[in-house]
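Comments concern the structure below.
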Number of protein chains: 2
Amino acid sequence: MSANSRLTVAVHVLTWMVLDRREGHEVATSERIAGSVNTNPVVIRRCLGDLRKAGLVEARRGTGAGWVVTRDPESITLLDVYEALDEGGLFGMHNARPNQSCPVGFGIQPTLRQVYDGLEDAMRKQLAGTTIADVLRDVLARQRE
Amino acid sequence: MSANSRLTVAVHVLTWMVLDRREGHEVATSERIAGSVNTNPVVIRRCLGDLRKAGLVEARRGTGAGWVVTRDPESITLLDVYEALDEGGLFGMHNARPNQSCPVGFGIQPTLRQVYDGLEDAMRKQLAGTTIADVLRDVLARQRE
DNA sequence: GGCGCTGTAACCTTGTGAGTTACACAGAGG
DNA sequence: CCTCTGTGTAACTCACAAGGTTACAGCGCC
C-alpha cells in the first residue's frame, strides 16, 4: 500500500460520473460507481465526501438519491481534485527533531522546506494543466486500441 | 508515517558528510552521523547502503573505518539522491483492477500513467536544479538567522 | 588475536489506507 | 405516516511499509 491510489480513484470517479451523466443518467449512486472502480461503495462515498467538501460534487437524498457533478468538466483540473483530497506533502521531514546544536541539524529543515515547496509548485502547475474533460477524452480514445 | 522522510535523511547525511570532511575528518562513521540526524546508526547505514549502490559514497573497513563521499558536492543533485533511493512513484494506481468492461475502467490506467509520468518529469527537473553544495551553502547561511 | 566499524538479518511498533459491517438519517412517494 | 433507497459515518479488521532496535558475522588495520 505504499503508493497512494486516492487521486487515481477520485479522478476515476469524476470521469465516470461525467460519462454517466452524458449517457442520460440523472444521478450516480456510490454502488454503481463502485462497480466501475471495483471496490466497496463506502470507499467511494468517503472519496465523494472529500470532493463534496471541495464543492466538486453534490449529494441528493431521499428517493432517487445519488450524486451529481456540480461543475463543467472542462473547468475541473486535476489540481482541484488533488487539493480536495488534502494529502500530506510529497516528502516528509525527519521523524525525530535533528540535533539542533549541529549546524546541519539546525539548518536542514528550513532549507529542505524551501526545496520541497518548489517541488510542490512544479507538480501543481503540471496538475493544473489537465482537466477531467481531457481525461475523459483520452480515456475514450483508448477504446479503439 | 504518511510522508517519506527518506529523501530528507539522505540529503541530511550527505550534507553533513561534506561539512565534516571540510572540517578535516577523513571518514564519517554511522554513529556520528546518527548523532546529527538524531536516529539509530542502523537507519543511517541502511541509507548509506542505498547511496553506495548509486556510487555516491564509499565504505572503508578495518581500523579507522567509515564512509566517504566519492563525488564533488557541486555535482551531486538532489535528483541523484532521489534516484539512489528508488522510491515508488508519487501516485499509485487502483489496488484492485478496475472493471474492464466499463469504458472508464478500461482506459483510465493508461491515461493516468501518462499524466503521472509528466508529473514525475516535472519533479525530476526541479530536483536536478539543486545540488548538495547548494544545500550546504543554504544551511550554513541560516546559522545567522 | 583484539578492536572498531561495516553490513544485514530479524523482529517489534506504529501509522495509514483500504475494505467491510452496521446503522442512523434524509426525503420522495405511496 | 410508513416504506424504501441510498447517503453519511462510526467502528472494526487486515495488510503493508517505514522506522527503530538488537544481534551478530565479516573485514582489515594494529
Side-chain angles (χ1 to χ4, degrees), chain A residues 1-10 12-13 17 20 25-35 37-53 57-70 85-98, chain B residues 1-10 12-13 17 20 25-35 37-53 57-70 85-98:
Chain A
M1 226 158 286
S2 79
N4 246 26
S5 65
R6 297 190 339 125
L7 182 62
T8 296
V9 170
H12 185 150
V13 165
M17 287 174 78
D20 189 57
H25 296 92
E26 268 296 313
V27 297
T29 65
S30 59
E31 197 175 342
R32 286 199 301 132
I33 303 175
V37 178
N38 189 20
T39 183
N40 192 292
V42 175
V43 174
I44 300 297
R45 279 186 236 148
R46 280 203 280 245
C47 172
L48 284 165
D50 285 339
L51 298 178
R52 188 183 42 164
K53 276 175 213 151
V57 300
E58 242 175 47
R60 295 190 186 157
R61 308 196 62 161
T63 306
W67 301 82
V68 287
V69 178
T70 54
L85 305 179
D86 54 80
E87 312 262 339
L90 300 176
F91 300 106
M93 288 299 163
H94 312 65
N95 287 350
R97 195 170 193 230
Chain B
M1 225 158 290
S2 80
N4 244 25
S5 65
R6 296 189 341 124
L7 182 62
T8 296
V9 171
H12 185 149
V13 166
M17 287 174 78
D20 189 58
H25 295 92
E26 268 295 313
V27 297
T29 66
S30 58
E31 197 176 340
R32 285 199 302 134
I33 302 175
V37 178
N38 188 22
T39 183
N40 193 292
V42 175
V43 174
I44 300 297
R45 291 206 282 264
R46 281 203 280 245
C47 172
L48 284 165
D50 286 338
L51 298 178
R52 187 183 44 164
K53 277 176 213 149
V57 301
E58 242 174 48
R60 295 192 186 155
R61 307 199 61 160
T63 306
W67 301 83
V68 287
V69 177
T70 54
L85 305 179
D86 54 81
E87 312 263 340
L90 300 176
F91 299 107
M93 287 300 164
H94 311 65
N95 287 349
R97 195 170 194 231

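All chains are named by letter (A, B, ...) in the order of the sequence lines, taking the proteins before the strands, and each is independently numbered beginning at 1. Computed from a predicted structure; not experimentally measured.
One interatomic measurement links the two molecules: CD1 of B:I44 to C1' of D:dG20, which rounds to 12 Å at whole-angstrom precision. Rounded to an integer number of Å, the gap from CG of A:N40 to P of D:dG8 is 16 Å. Rounded to an integer number of Å, the gap from CZ of A:R32 to P of D:dT5 is 15 Å. At whole-Å resolution of the value, CG in B:N95 and P in C:dT16 are 17 Å apart. To the nearest angstrom, C1' of C:dG27 lies 16 Å from CD of A:E58. In this structure, the CG atom of A:D50 is 16 Å from the P atom of D:dT7, given to the nearest Å. Protein atom CE of A:M93 is 17 Å distant from nucleotide atom C1' of D:dA18, rounded to whole Å. Nucleotide C:dA18 holds its P atom 11 Å from the CG atom of A:L7, rounded to whole Å.
Proximity of B:L7 to B:L85: side-chain heavy atoms (C-beta onward) are separated by under 4.5 Å at one or more points. You'll find the side chain of B:F91 stays beyond 4.5 Å of the side chain of A:R6, heavy atoms only. Side-chain contact between A:E58 and A:R52: absent, with no pair of heavy atoms (C-beta onward) separated by less than 4.5 Å.
The structure places NE2 of A:H12 at 11.5 Å from CE of B:M93, a figure rounded to the nearest 0.5 Å. Rounded to the nearest 0.5 Å, atoms CG (B:L48) and CE (B:M17) are 6.0 Å apart. Note that CZ of B:R45 is 4.0 Å distant from OG of B:S30, once rounded to the nearest 0.5 Å.
Not counting sequence neighbours, the partners of A:D20 by the side chain to side chain donor-acceptor pair (under 3.5 Å) test are A:H25, A:R32.
Comparing the axis of the opening five pairs of the helix from C:dG1-D:dC30 to C:dG30-D:dC1 with that of the closing five pairs yields an angle of 0°, rounded to 10°.
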Give the B/S/- string for nucleotides 1-9 of chain C, one per nucleotide from 5' to 3', where a protein heavy atom under 4.0 Å of the base yields B, of only the sugar-phosphate yields S, and otherwise -. ---BSBBBB
Could you walk me through whether B:T39 and A:N95 pass the side-chain contact (heavy atoms from CB on, under 4.5 Å) check? CA-CA 9 Å; B:T39 183; A:N95 287 350; over 6 Å; no
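With hydrogens and angles ignored, the 3.5 Å screen pairs no side-chain donor or acceptor of A:N38 with any backbone N or O of B:A96.
Contact check, A:S5 against C:dG17: no side-chain N or O comes under 4.0 Å of OP1 or OP2.
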